[in-house]
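Here the structure is laid out as structure tokens; the discussion comes afterwards.
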Amino acid sequence: MVRKALIIGGGVLLVAALAWSILGRVWNPWPKGLLAASGRIEGDEAVIAPKIAGQVLEIYKDKGQLANTGDLLARLSSDQIAAQLKQAQDLEDYWKQRLDQARVDLEYTRGHVQAAIDAAQAQVEAAGAQSEEARAQYDKARKDYHRYQALLARRVITQQLMDGSKAAYESTAAILTARAKLLKEAQARLVQARLLEKTVTAKEADYQATQAQLQAAQARVKEAAANLADTEIKSPIRGVILTREAEPGLVVSPGTPLFTMVNLDRLYLKVYIPEAEIGRIRLGQEARIYVDAYPNRGFDGRVYRVSQRAEFTPKYVETREERINLVFAVELLAYNPDGYLKPGMPADGVIRLKDGVPWRRPR
């Protein structure tokens, strides 16, 4: 009798539960403006590898640990790179001094050559003026001499005046010749002074070459400093370390994987939408993500990727539709500033198809 009563009581409870479920769906149906689907939280993985070769000295993070952007994950040997940086810095200092000397030499040469040109130009101008003055005096004396010759022939003037005119003519001719010679010499000195401009050109070329050497040395300093900074392997993202391949003492080459991380700031829920519903999905639609770990909280998200090809639902994904139905993969980008969501969490995603429809957590 007791057993029969238990069986009857269990049947009554089962019927009551089914009735409650059916009535719950009737009284509180799923909103038409929301579309729900289930999946797992996934994330973009990043492989952390060194840019330079070296020996691993220390490891600061292990598998499963959280690392923020800029956190130190590992350190490589740096003695050789530090020596290269010191050598590059010494070479930079040397070329800085050489450049300062080249600058002083160039400025001095420019000033000296310009002064020489200016002085020679002034001498040419002065000699030219004197030559013009001598030319004017010579022309006047020549005209007087020829006029006095005519006057003497007519016996209008005395021989003494004629002799004075002749002496003035010959004197001005000699002065004109001397002044012309001085002008020619001054012009020659100006030509020589202007040839000194080639010295300035040579000094400029030397300055530019020294400047190029300094720039090359500075580039080597930057390269060595960057290599030294690269001996510290830092996290480029905020994420969780999935794998750790590095061990202290390991000699690594550039590109050798040391850690694999998942980006906590780029988590998404991949769900599969039936073919009949995919036409209602658009990029950028609001979404809400629910996980069992936080039953009283939903995480904001949005549709940011929709597959262009249909496929059969993967076996590891639980859906309400039969697995033989064709579905489209849709990824819901999750806003996870506090890091509550973790890769691998099962989750329900709800996509808002119609503005203003209140959010509701799938049962």
Side-chain angles (χ1 to χ4, degrees), residues 86-225:
K86 179 63 169 59
Q87 183 180 9
Q89 289 171 335
D90 291 342
L91 191 61
E92 180 187 22
D93 292 340
Y94 168 77
W95 285 113
K96 280 182 178 179
Q97 294 176 0
R98 283 288 305 274
L99 186 63
D100 289 339
Q101 294 172 357
R103 182 184 297 108
V104 171
D105 194 14
L106 175 59
E107 291 174 353
Y108 171 79
T109 303
R110 279 176 175 166
H112 175 72
V113 170
Q114 190 60 49
I117 292 174
D118 291 344
Q121 184 67 44
Q123 290 176 355
V124 169
E125 292 174 357
Q130 293 174 353
S131 180
E132 288 297 325
E133 182 182 0
R135 168 66 66 181
Q137 292 175 352
Y138 167 76
D139 289 342
K140 181 179 181 303
R142 180 174 58 81
K143 290 178 181 178
D144 288 345
Y145 174 65
H146 291 311
R147 184 166 56 84
Y148 278 21
Q149 281 182 327
L151 291 175
L152 180 63
R154 297 198 304 268
R155 297 186 181 187
V156 176
I157 62 171
T158 63
Q159 184 65 41
Q160 184 178 3
L161 287 176
M162 181 63 201
D163 292 342
S165 176
K166 181 180 180 182
Y169 171 61
E170 291 175 349
S171 174
T172 55
I175 292 173
L176 178 60
T177 301
R179 295 291 171 81
K181 182 179 179 182
L182 290 175
L183 177 59
K184 204 170 186 181
E185 291 174 352
Q187 289 173 336
R189 284 192 294 271
L190 178 59
V191 171
Q192 292 295 324
R194 285 176 173 165
L195 289 176
L196 292 176
E197 291 180 334
K198 294 183 178 180
T199 306
V200 176
T201 302
K203 295 295 183 181
E204 289 175 342
D206 181 62
Y207 177 78
Q208 292 173 356
T210 305
Q211 194 173 44
Q213 291 286 358
L214 175 60
Q215 291 172 348
Q218 290 172 334
R220 285 193 286 271
V221 169
K222 289 182 179 180
E223 180 182 5

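Because only heavy atoms are used, hydrogens play no part in the values below, and waters and symmetry mates are left out as well, while side chains stay in.
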- Task: Ignoring hydrogens and angles, tell me if any N or O in the side chain of Thr172 forms a donor-acceptor pair with the backbone of Ala168 under 3.5 Å.
- Result: yes

- Under 3.5 Å donor-acceptor, Ser165 side chain and Leu161 backbone: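 Side chain of Ser165 to backbone of Leu161, a donor-acceptor pair under 3.5 Å: no, none is there.
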
- Hey, are Gln121 and Arg189 close enough side-chain-wise for a donor-acceptor pair under 3.5 Å? no

- Going by atom types only, do Gln89 and Asp93 share a side-chain donor-acceptor pair under 3.5 Å? no

Between [X] and [Y], does any side-chain N to carboxylate O distance fall below 4.0 Å?
X	Y	answer
Asp144	Arg147	yes
Asp100	Lys96	no
Glu132	Arg179	no

- Are any non-hydrogen side-chain atoms of Glu107 and Arg103 less than 4.5 angstrom apart?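 In short, these two side chains touch, coming nearer than 4.5 Å.
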
- So do the side chains of Arg98 and Trp95 get within less than 4.5 Å of each other, counting heavy atoms only? yes

- What's the verdict on salt bridge (Lys or Arg N to Asp or Glu O under 4.0 Å) for Lys86 and Asp90, showing C-alpha distance, side-chain angles and the deciding distance? CA-CA 6 Å; Lys86 179 63 169 59; Asp90 291 342; 2.9 Å; yes

- If the plane angle is over 60° it's perpendicular, under 30° parallel, otherwise tilted; pick one for Tyr169 and His146. tilted

- Glu185 atom CD, neighbour heavy-atom count above 12 within 6.0 Å: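 Counting neighbours around CD of Glu185, more than 12 heavy atoms of other residues, nucleotides or ligands fall under 6.0 Å, so yes.
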
- Item | Exceeds 12 heavy-atom contacts within 6.0 angstrom, atom CD of Gln159 |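 Yes.
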
Work out which heavy atom in [X] is nearest to a heavy atom in [Y]; give both atom names and the distance.
X	Y	answer
Arg110	Val200	CG-CG1, 3.6 Å
Ile117	Glu197	CD1-OE2, 3.5 Å
Leu99	Leu214	CD2-CD2, 3.5 Å
Ala102	Thr210	CB-OG1, 4.3 Å
Ala186	Ala127	CB-CB, 4.3 Å
Lys203	Leu106	CB-CD1, 3.6 Å

